[in-house]
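Step one of this worksheet: look at the structure below.
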Protein chains: 4
Amino acid sequence: MKNTGPKAKKKLTAKGQSRKKELLEKALDLFGEKGYHATTIDDIVKAGATGKGTFYWYWQSKDEIFLELLSNKFESYISALENIQKMKIPTTDKLIMLFTEIGNMLIKYRKLCKLIYLLISANSDEFNADVLKATNDYYSRFRKILIQFIQEGQKEGSISRDVDAQHLATIFISIVDGLLLQEKVMNTNYLHPKMGETLITVLRKGIMIQPA
Amino acid sequence: MKNTGPKAKKKLTAKGQSRKKELLEKALDLFGEKGYHATTIDDIVKAGATGKGTFYWYWQSKDEIFLELLSNKFESYISALENIQKMKIPTTDKLIMLFTEIGNMLIKYRKLCKLIYLLISANSDEFNADVLKATNDYYSRFRKILIQFIQEGQKEGSISRDVDAQHLATIFISIVDGLLLQEKVMNTNYLHPKMGETLITVLRKGIMIQPA
Amino acid sequence: MKNTGPKAKKKLTAKGQSRKKELLEKALDLFGEKGYHATTIDDIVKAGATGKGTFYWYWQSKDEIFLELLSNKFESYISALENIQKMKIPTTDKLIMLFTEIGNMLIKYRKLCKLIYLLISANSDEFNADVLKATNDYYSRFRKILIQFIQEGQKEGSISRDVDAQHLATIFISIVDGLLLQEKVMNTNYLHPKMGETLITVLRKGIMIQPA
Amino acid sequence: MKNTGPKAKKKLTAKGQSRKKELLEKALDLFGEKGYHATTIDDIVKAGATGKGTFYWYWQSKDEIFLELLSNKFESYISALENIQKMKIPTTDKLIMLFTEIGNMLIKYRKLCKLIYLLISANSDEFNADVLKATNDYYSRFRKILIQFIQEGQKEGSISRDVDAQHLATIFISIVDGLLLQEKVMNTNYLHPKMGETLITVLRKGIMIQPA
DNA sequence: CATGAATGAGTTTTCATTCAT
DNA sequence: CATGAATGAAAACTCATTCAT
């Protein structure tokens with residue numbers, strides 16, 4: 001890994017912006033399909049119908065584009081969840097919104113999700129500190145949202161106090177990540193509505209306290 | 001990938017067996033720590049204090065040792081679960097044994113689990129059909145065990161018939177995989193007893209039907 | 001051999017063209033001097049004062065540059081002979097032109113000729129179908145030219161009908177190839193004018209004196 | 001190339017002799033089929049159903065077995081021709097015996113002939129001085145036999161004095177070598193009786209018909 | 001004499017990155 | 001800004017040769 005030092009942010013023209021976006025999309029597709037290592041700069045610039053120099057005009061390294069993809073996508077993903085959390089509505093309603101939103105995102109950001117696996121398979125030697133930090137932040141914020149949600153629910157009385165909020169958050173995240181993982185391995189689509197229903201059933205009876 | 005053609009299985013001496021085992025262990029460590037791509041044959045042979053030729057005496061390629069690791073570990077992992085499934089004991093007891101066993105294995109086979117992430121980050125272009133088939137088999141057998149277990153529980157009346165067995169199996173696997181995934185990302189240990197308790201609580205109330 | 005799949009032909013700049021040509025010449029020298037196996041990519045790029053990556057920019061493998069050398073040189077060699085064959089001049093004149101041209105070429109394309117030995121020492125396991133096909137085509141076209149020439153001579157009455165055209169063509173080719181072969185083994189130059197004179201004498205009159 | 005230094009000749013047991021002979025035959029086949037480089041020690045010992053250590057018991061290196069093959073085969077080949085040359089019979093009879101013997105040998109020593117190509121494709125960097133010297137000796141002795149034969153014929157009046165004996169010998173050898181060469185390239189059998197007849201006709205009478 | 005596991009220098013090949021145009 | 005040829009460090013893989021058993 002080279003060129004991890006700071007570099008003046010470039011002001012891009014409108015055309016530059018659109019080309020950069022194009023390359024980002026192609027890179028997202030390729031990383032998701034082929035993995036980080038197996039995706040070469042050549043693959044990306046060919047998919048974007050441009051030259052290598054162009055790539056290095058926008059990003060300093062392969063790391064850098066990967067980090068940008070993560071940051072962009074995670075940010076919009078997580079901030080949407082944070083917005084739900086901040087809403088002043090009953091926890092039960094939030095529960096539904098939250099899960100609906102996660103479900104939507106799993107479908108909408110299918111490509112992003114594949115990046116998660118890349119991160120996991122990667123290690124500190126392969127990625128620079130920024131990439132690792134970004135991933136940690138994503139998980140921390142996701143956890144924080146869930147923990148707050150659960151604790152509110154417990155305070156409110158809608159979620160059982162028998163369960164530890166920290167652990168439950170971990171289990172939630174596991175389910176989300178694990179589902180995507182199986183999708184990739186088995187090459188099938190587990191994310192259909194029926195699966196959501198089963199999940200809701202389990203959680204409803206498992207952790208929700210029904211008003212008498 | 002080269003040399004994927006058939007090749008007579010080598011008969012190894014006792015010393016050869018132990019050296020091969022040594023290299024397998026070192027490779028498992030390295031793949032787990034550094035990832036598949038970032039682990040070089042050089043890393044493996046240096047860790048095993050041997051020459052590159054020795055590696056290629058035992059395996060024909062990097063793929064091949066990876067496949068052997070997967071096959072060996074998955075086999076012992078899954079067959080242990082299959083044995084539990086075959087036992088003629090009450091489903092409730094099986095439930096406990098199954099989860100206990102999975103928990104133990106997650107700890108015992110921590111290194112194996114890391115291989116799962118490698119698989120996920122890998123893709124069909126990188127790995128040969130054997131590796132992909134082995135992984136698929138692993139998941140299929142795991143799913144099959146869980147589905148049988150759930151269906152038995154539903155027949156017996158100990159597991160709610162409100163949930164779809166297929167989907168519930170998928171969720172179970174997600175939780176297991178997802179937990180390991182988070183461990184890796186957050187570099188913490190989520191697999192402590194309290195986490196297990198929370199999980200049991202959720203599942204017990206969520207899907208178990210308590211005898212009146 | 002890898003990367004034998006189709007790949008878009010690169011458009012080379014003028015400088016690129018000349019550098020590629022430079023490398024081709026160096027490779028021709030080296031293959032001729034040291035043989036195919038004994039010539040390493042390293043040798044070629046060092047001779048061309050460039051990096052290994054440059055080699056792989058122009059060709060996908062060692063095979064590929066070898067095939068290109070063969071194709072290029074054989075093409076110009078054989079097509080010159082074919083042009084003579086097509087001429088509307090007396091067979092006797094063609095005979096002289098043909099042999100003169102072959103003689104010139106043996107000298108001019110000394111390096112090419114060494115490639116023939118490489119081919120012969122090579123076998124179907126080592127070279128891909130393209131290389132073998134190219135060589136076969138060369139010999140077939142060479143034979144075809146000679147057979148046509150002989151048959152025309154026989155029709156015209158300038159060449160004896162006692163000899164089989166096919167066999168005679170084979171013998172001609174043998175002489176040409178065999179001469180080069182000896183040159184290499186003995187490391188001397190047999191291709192001087194006196195040798196040509198002897199050959200013409202033999203063909204013209206034979207060598208045996210019949211008792212009266 | 002290593003171990004080219006002198007080494008005490010081993011006294012072999014009867015069993016050792018036969019095993020060595022077996023390996024020599026297998027090596028001859030393999031070198032002929034696959035070429036020198038492409039034939040590995042592993043190939044040879046597998047074909048001989050023995051271990052590598054056994055190979056290195058008999059020969060010090062790959063070079064050494066190759067040299068032994070050359071020496072053995074060439075010796076019996078050339079000495080047979082030398083014996084004909086020494087006979088006190090009319091040159092015309094010798095001619096017939098010589099060509100018959102060469103023809104027989106081309107068929108009998110087909111495998112040996114393939115070694116010639118190996119030598120030619122090889123170069124001084126690849127083979128040690130002994131191998132190169134052996135080949136040179138073979139050609140020199142072959143030439144010497146032919147030159148003596150031709151000169152005797154010229155003295156006797158049965159061969160035209162218009163041709164240079166040295167050059168004619170070279171042409172003879174070229175034909176022999178060239179025929180084998182084409183056989184290999186075209187993968188067909190040119191060495192059938194009709195070919196011999198054509199060759200004899202050419203040599204006897206030439207091929208050109210002089211206008212009256 | 002025989003075996004085959006072990007070795008490592010030497011080879012081919014890949015690919016992130018640079019830079020002249 | 002854009003291009004793509006050039007680079008070389010680093011990786012996978014080969015195979016003649018050695019040597020303990």
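A, B, ... follow the sequence lines: proteins, then strands. Residue 1 opens every chain.
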Exercise for the section: Please check if the side chain of Lys62(B) supplies one atom and the backbone of Thr39(B) the other of a donor-acceptor pair under 3.5 Å. Expected result: yes

Handout entry: Proximal nucleotide (of dA6(E), dT3(E), dT12(E)) relative to the Thr50(D) side chain
Key = dT3(E)

Problem - Gap between atoms CZ and C1', on Phe55(D) and dC15(F) respectively (whole Å) - result: 12 Å

Problem - Whole-Å gap separating P (dT12(E)) and OH (Tyr58(C)) - result: 20 Å

Exercise for the section: Name the residue closer to the 5' end of DNA chain F, choosing between Ala49(C) and Thr54(B) according to the nucleotide with the nearest heavy atom. Expected result: Ala49(C)

Fill in the blank from the handout: note: His37(D), atom NE2; dA16(F), atom P; distance rounded to Å ~ 9 Å

Handout entry: Check: Glu64(B) side chain, Gln60(B) main-chain N or O, donor-acceptor pair, under 3.5 Å
Key = yes

Handout entry: Nucleotide nearest Tyr56(A) when distance is taken to its side chain, options dT17(E), dA6(E), dC13(F)
Key = dT17(E)

Practice task
Return the value, rounded to whole Å, for the distance between atom CG of Asp42(C) and atom C1' of dT14(E).
Solution key: 15 Å

Handout entry: Nucleotide dT13(E), atom P - distance to CD of Glu64(C) in whole Å
Key = 10 Å

Problem - Test side-chain contact (heavy atoms from CB on, under 4.5 Å) applied to Phe31(B) and Ile65(B), step by step - result: CA-CA 11 Å; Phe31(B) 283 138; Ile65(B) 192 176; 4.1 Å; yes

Fill in the blank from the handout: Under a 3.5 Å limit on both distances, the Watson-Crick or wobble mate of dA2(F) is dT21(E)

Problem - Sugar-phosphate, base or nothing in reach of Lys62(D), heavy atoms under 4.0 Å - result: sugar-phosphate

Handout entry: Phe55(D): which of Tyr58(D), Trp57(D), Trp59(D) passes ring-ring contact (aromatic ring centres under 6.0 Å, His included)
Key = Trp59(D)

Practice task
Tell me what Thr40(A) touches on the nucleic acid: a base, only sugar-phosphate, or nothing, going by heavy atoms under 4.0 Å.
Solution key: sugar-phosphate

Problem - Distance, rounded to the nearest Å, where Lys46(A) contributes NZ and dC15(E) contributes P - result: 11 Å

Fill in the blank from the handout: Under a 3.5 Å limit on both distances, the Watson-Crick or wobble mate of dA16(E) is dT7(F)

Handout entry: Donor-acceptor pair under 3.5 Å, Lys52(B) side chain vs dT14(F) base
Key = no

Exercise for the section: Hey, which sits more toward the 5' end of DNA chain F by its nearest nucleotide, Thr39(B) or Arg19(C)? Expected result: Arg19(C)

Exercise for the section: Check whether the side chains of Thr54(B) and Arg19(B) place a donor and an acceptor atom closer than 3.5 Å, and report yes or no. Expected result: no

Problem - Value in whole Å for how far the P atom of dG4(E) lies from NZ of Lys20(B) - result: 17 Å

Fill in the blank from the handout: Looking only at dT13(E), dT18(E), dT17(F), the nucleotide nearest the Ile41(C) side chain is dT13(E)

Problem - Length of the CD-P vector between Gln17(C) and dG4(F), whole Å - result: 15 Å

